[in-house]
Student: 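Take a look at this one; I'll ask things after.
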Amino acid sequence: MKDLDEYLSQLNNDLDSQLSRFNQQFAPSTSPANMQYGTFQFCPQCGSRNSASAHFCENCGTALAGNASDDTAYTPYGSNREDASGGDAQYGILYTNTERLADKYDCSADDVCRILQSFCKKAARYNMHWELLDAADYPKYLGSDDFWLEHNELISDYFEKSSIGYGMKTPLFIIGGHDVIPIPMVEDVFGTSDTGKIPCDMCYGFTGNFFSNLWEYGDHTISEEHVRNTVSRLPLEDGKMDTALEDDLEAYFNLCAEYYSDGIAVDKVMMTANASWLPASKTMSEHLPLLHHSNDPDVVWEGMYVSPPVSPDDEDTTGPVHRTLEKAGMLLFNLHGASSNYMSGFYNDSGEAFNTDMLSDTSARVFNTVACYGARYYGYERDESMLLTSFYENGFLLYAGSLIPVPMTDLDVPEGVEVHDGSGSEHLMPIFCMEQFCGLPVGEAMMRAKLEYFNTFRHMERDDFSLATMMMFSLYGNPMLRLQRNEEVLRRAREEHVLPVLPQTKYMPIRMKRTQRITTFKEQNSSPSLLEQVRRSVDRNIDAIHQAVQQHLYEKLGLEPRWLSHVDSFSIPNGDGTSEEGYSYAYEDMSKPYARKSWVEVDKQGKVKRVIKTK
């Protein structure tokens, strides 16, 4: 008995020690301005959680300084979650780093907190309740390398301590750009990005490193049960700001408040499409209330503007486009995008189709684009970003797009399934628009659209393609905002099979494409010939493969030899112990005003199996 008593005593001491270390690690800073978090507050002495109204710590008795009665103090909701204003209440987490925002704007952290608390207080009047989670309060928890997974773990632990529930109804609203809260950079499972990584805020919607772990456990779908929360971000450019905090964040938040009661009315949508992508663009927009002001069939097709001829420099089309911009509530684009700093607009096959100056003509609040780099902001100045210019200079509240190249491919449609032209983003975006017009909070609309797209189109595109497409698109702006419901849009979405119904089939585990770089080609004038470089490659088969396919690739597909960038080998498991194996030829056409990329997949015998291009 003595030994048992000593053992239990030692065990209790160990537990007390571990819990003490945990409380010290997780306890926020002792700054009184940052001690309260919605319905509770942390003790600066022992780290214990107390109710927001407590004056002394229930654990150690330390006086709590978080009960100031100033007008900006904010307590979002009580324990019963009932609200006198009625309606469906929303609860979410506002996530930022107030010290980094203060440093960017050359102001105090109190100035930042004042604006954030005012935003929360106004939203609460309309049953939109935010709890502020400030990363500046957890320096020990996050560490010095500022890795996104540490932030994600902090968010998960906060959920455990909060009364906010998990799921599709709970938004996470990130305030700031990459230098405030890091953008998760995860493996590009398809291979279209410039760096091999996908910037993916969606990672903050799941616990842990969800997408990396996805392959290891053979999941058959990504379902609502996997979702911890929905995700959106209010982005900012990197570094010191040339603008004022009040002109950026406060102005955006105040504009949001105008739409809390009734939602955003989108009676008409302006769609502009690249002339060579018209059938796929029709897929994107055929269920939407399109608006145009031209009867010229060369300018408008199926209700959407066609570029060319539509462009900022075309005098015959600028008038109709200007009038449409004035009346439209949503802008929708299926055009090229570019990565060059000086190319902030969207493009057709031969030139500019839409630029940031044209945004001043519109009173629209919603902006959706499937262009490559269509939502670029990380690493760009404000006037180099369509996204940043839309938000902070032109009154947009919601924006959806990709920070990297967007791929296109052919579909392998199961028999009996009705699917219209297009692939990837050209199916994801109309599903997202459909969910927006359901009147859902837009954060929920985006997450639902992504899951619906992936779990449907992975059976027609391929897991790696559909997964990469889903991951690269992000939502920007307040995720609690809603569009007014439009029954006609929803009726047409059903008629046009925006979300196809698949036959009952056996679910396959999600399959990951594994790639390995074989060789990278350099400029001709400073290196051996392409064929010679191929012969020197590590894979003995590639020499014969290259000679067998080059004529088809160069002559039939119009891919010139000088555009060849690199060759990868790839392997995709079939789920039965065998694998699909082959080589992927990557090309980059620099002759256009934007860089357009192509990938040609061939099997081990050199037969072309698939062609993928970016927008």
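Scope of the values below: all heavy atoms of this structure, side chains included, with no hydrogens, waters or symmetry mates. Given the structure is predicted, the values throughout are model-derived calculations rather than measurements.
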Student: Donor-acceptor pair, distance only, cut-off 3.5 Å: does the side chain of S232 make one with the backbone of L475?
Tutor: yes

Student: Using modelled atom types and a 3.5 Å cut-off, is there a donor and acceptor pairing between side-chain atoms of D103 and backbone atoms of E99?
Tutor: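 Checked: no pair found.
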
Student: Are N368 and M330 side-chain neighbours, meaning at least one heavy-atom pair lies under 4.5 Å?
Tutor: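 Answer yes - side chains close enough.
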
Student: Is any side-chain heavy atom of I115 closer than 4.5 Å to a side-chain heavy atom of L245?
Tutor: yes

Student: Could you pull out all residues at least two apart from Y105 that satisfy ring-ring contact (aromatic ring centres under 6.0 Å, His included)?
Tutor: none

Student: Less than 4.5 Å apart, side chain to side chain, heavy atoms only: is that true for F210 and H226?
Tutor: yes

Student: Side-chain contact test, heavy atoms from C-beta onward, threshold under 4.5 Å: evaluate it for Y204 versus H151 and give yes or no.
Tutor: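 The answer is yes; the side chains approach within 4.5 Å.
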
Student: Could you tell me whether E384 and R376 make a salt bridge, using a distance below 4.0 angstrom between a side-chain N and a carboxylate O?
Tutor: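 Here E384 does not pair with R376 in a salt bridge, since their nearest N and O are not under 4.0 Å apart.
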
Student: Sequence neighbours left out, what passes side-chain hydrogen bond (donor to acceptor under 3.5 Å, both in side chains) with Y252? Give chain and number order.
Tutor: none

Student: So among W148, Y378, Y377, Y380, which one has a ring pair (Phe, Tyr, Trp, His ring centres under 6.0 Å) with H178?
Tutor: Y378

Student: Taking side-chain hydrogen bond (donor to acceptor under 3.5 Å, both in side chains) as the definition, give me every residue that meets it alongside N478, ordered by chain and number, with sequence neighbours left out.
Tutor: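 Partners of N478 by the side-chain hydrogen bond (donor to acceptor under 3.5 Å, both in side chains) criterion come out as none, since no residue qualifies.
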
Student: Check whether any side-chain heavy atom of V366 sits under 4.5 Å from a side-chain heavy atom of F396, and report yes or no.
Tutor: no

Student: Just to verify, what does R100 make a side-chain hydrogen bond (donor to acceptor under 3.5 Å, both in side chains) with, not counting sequence neighbours?
Tutor: D146

Student: Applying salt bridge (charged side-chain N to carboxylate O under 4.0 Å, His left out) as the test, list every pair that has at least one member in residues 162-182; sequence neighbours left out.
Tutor: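 Sorted result for residues 162-182: K104-D179, K169-E444.
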
Student: Output, in order, the C-alpha distance, side-chain angles, deciding distance and verdict of side chain to side chain donor-acceptor pair (under 3.5 Å) for D248 and T243.
Tutor: CA-CA 7 Å; D248 289 345; T243 52; 2.5 Å; yes

Student: With side chain to side chain contact (heavy atoms under 4.5 Å, CB included) as the criterion, how do M241 and L236 come out once you've worked through the C-alpha distance, each side chain's angles and the decisive distance to 0.1 Å?
Tutor: CA-CA 9 Å; M241 305 297 293; L236 291 168; 4.0 Å; yes

Student: With sequence neighbours left out, what residues match D188 under salt bridge (Lys or Arg N to Asp or Glu O under 4.0 Å)?
Tutor: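 In terms of salt bridge (Lys or Arg N to Asp or Glu O under 4.0 Å), with neighbours along the sequence ignored, D188 is linked to no residue.
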
Student: With heavy-atom distances below 4.5 Å as the criterion, would you say the side chains of V406 and M472 are in contact?
Tutor: yes

Student: Drop me the distance from R448's CZ to C438's SG, to the nearest 0.5 angstrom.
Tutor: 9.0 Å

Student: Start with the C-alpha distance between L94 and E131, add both sets of side-chain angles, then the distance that settles side chain to side chain contact (heavy atoms under 4.5 Å, CB included), and finish with yes or no.
Tutor: CA-CA 6 Å; L94 195 67; E131 293 188 10; over 6 Å; no

Student: With distance as the sole criterion, is a donor-acceptor pair present between the side chains of N341 and E381 under 3.5 Å?
Tutor: no

Student: Are the side chain of S385 and the backbone N or O of L388 linked by a donor-acceptor pair below 3.5 Å?
Tutor: yes

Student: Do any N or O atoms from the side chain of T614 and from the backbone of K597 form a donor-acceptor pair under 3.5 angstrom?
Tutor: yes

Student: Taking all non-hydrogen atoms of both residues, which atom of A400 and which atom of M446 are closest, and how far apart?
Tutor: CB-CE, 3.8 Å

Student: Within this structure, what is the OG-CD1 distance for the pair S162 and I93, rounded to the nearest 0.5 Å?
Tutor: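 If we round to the nearest 0.5 Å, S162:OG and I93:CD1 are 6.0 Å apart.
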
Student: Strictly distance-based, threshold 3.5 Å: is any side-chain N or O of S466 a donor or acceptor partner for the main-chain N or O of E461?
Tutor: no

Student: Parallel, tilted or perpendicular, judged at 30° and 60°: which one describes the rings of F119 and Y260?
Tutor: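 Rings of F119 and Y260: tilted, 30 to 60°.
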
Student: Scan residues 393-406 for pairs that pass side chain to side chain donor-acceptor pair (under 3.5 Å), counting only residues two or more places apart or in two chains.
Tutor: none

Student: Please list, chain by chain and in numerical order, all residues satisfying side-chain hydrogen bond (donor to acceptor under 3.5 Å, both in side chains) with D201, sequence neighbours excluded.
Tutor: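 By the side-chain hydrogen bond (donor to acceptor under 3.5 Å, both in side chains) rule, D201 matches R233.
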
Student: Using a 4.5 Å cut-off on heavy atoms from C-beta on, say whether the side chain of M470 contacts that of F211.
Tutor: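 Answer yes - side chains close enough.
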
Student: Between R382 and E237, is there a salt bridge with N-O shorter than 4.0 Å?
Tutor: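 The answer is yes: the pair qualifies as a salt bridge.
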
Student: With sequence neighbours left out, write down each residue that passes ring-ring contact (aromatic ring centres under 6.0 Å, His included) with F465, or none if nothing qualifies.
Tutor: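 Here the qualifying residues are F190.
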
Student: Would you give the length of the straight line joining atom CD1 of I164 to atom CG of L172, rounded to the nearest 0.5 angstrom?
Tutor: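 Nearest 0.5 Å value for the CD1-CG distance: 10.0 Å.
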
Student: To the nearest 0.5 Å, how far apart are CZ in R365 and OG in S390?
Tutor: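 Answer for the CZ-OG pair, R365 versus S390, is 11.5 Å.
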
Student: To the closest 0.5 Å, what do you measure between CZ (R458) and OH (Y453)?
Tutor: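 The distance works out to 11.5 Å.
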
Student: Before accepting this row, confirm whether a basic side-chain N of the pair K122/E258 lies closer than 4.0 Å to the acidic partner's carboxylate O.
Tutor: no

Student: In sequence, state the C-alpha distance, the side-chain angles, and the governing distance for N97 and I175, and then conclude on side chain to side chain contact (heavy atoms under 4.5 Å, CB included).
Tutor: CA-CA 8 Å; N97 187 314; I175 308 299; over 6 Å; no

Student: Should the heavy atoms of other residues, nucleotides or ligands under 6.0 Å from CG of D145 be counted, would the total exceed 12?
Tutor: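 Enclosed.
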
Student: So, the side chain of D134 versus the backbone of T98: is there a donor-acceptor pair under 3.5 Å, distance only?
Tutor: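 Flag set: sc D134 to bb T98 pair under 3.5 Å.
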
Student: Are the side chain of T369 and the backbone of A371 linked by a donor-acceptor contact shorter than 3.5 Å?
Tutor: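 It does hold such a pair.
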
Student: Where the side chain of K450 meets the backbone of L428, is there a donor-acceptor pair that is under 3.5 Å apart?
Tutor: no

Student: Flag the pair M447 / E435 as yes when at least one side-chain heavy-atom distance between them is below 4.5 Å, and no otherwise.
Tutor: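 No, every pair of side-chain atoms sits at 4.5 Å or beyond.
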
Student: Hey, is the main chain of M343 close enough, under 3.5 Å, to the side chain of S340 for a donor-acceptor pair?
Tutor: no

Student: Mind running side chain to side chain contact (heavy atoms under 4.5 Å, CB included) on V180 and T96 for me, showing each step along the way?
Tutor: CA-CA 7 Å; V180 177; T96 191; 3.7 Å; yes

Student: ring-ring contact (aromatic ring centres under 6.0 Å, His included) with Y166: which residues, sequence neighbours excluded?
Tutor: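 Residues passing ring-ring contact (aromatic ring centres under 6.0 Å, His included) with Y166: F159.
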
Student: Is N254 atom CG crowded by more than 12 heavy atoms from other residues, nucleotides or ligands, each under 6.0 Å away?
Tutor: yes

Student: Taking the six-membered ring for Trp, is the centroid-to-centroid distance between F367 and Y476 below 6.0 Å?
Tutor: no

Student: So, using ring-ring contact (aromatic ring centres under 6.0 Å, His included) as the criterion, who are the partners of Y392 when residues are at least two apart?
Tutor: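 Expected list: none.
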
Student: What's the spacing between M128 CE and D88 CG if we round to 0.5 Å?
Tutor: 11.0 Å

Student: Does the ring-ring contact (aromatic ring centres under 6.0 Å, His included) test come out yes or no for H427 and F457, once each step is laid out?
Tutor: CA-CA 8 Å; H427 287 289; F457 283 90; 4.3 Å; yes

Student: Side chain of N152, backbone of F206: donor and acceptor closer than 3.5 Å?
Tutor: yes

Student: List the residues meeting salt bridge (Lys or Arg N to Asp or Glu O under 4.0 Å) with E588, not counting sequence neighbours, and say none if there are none.
Tutor: none

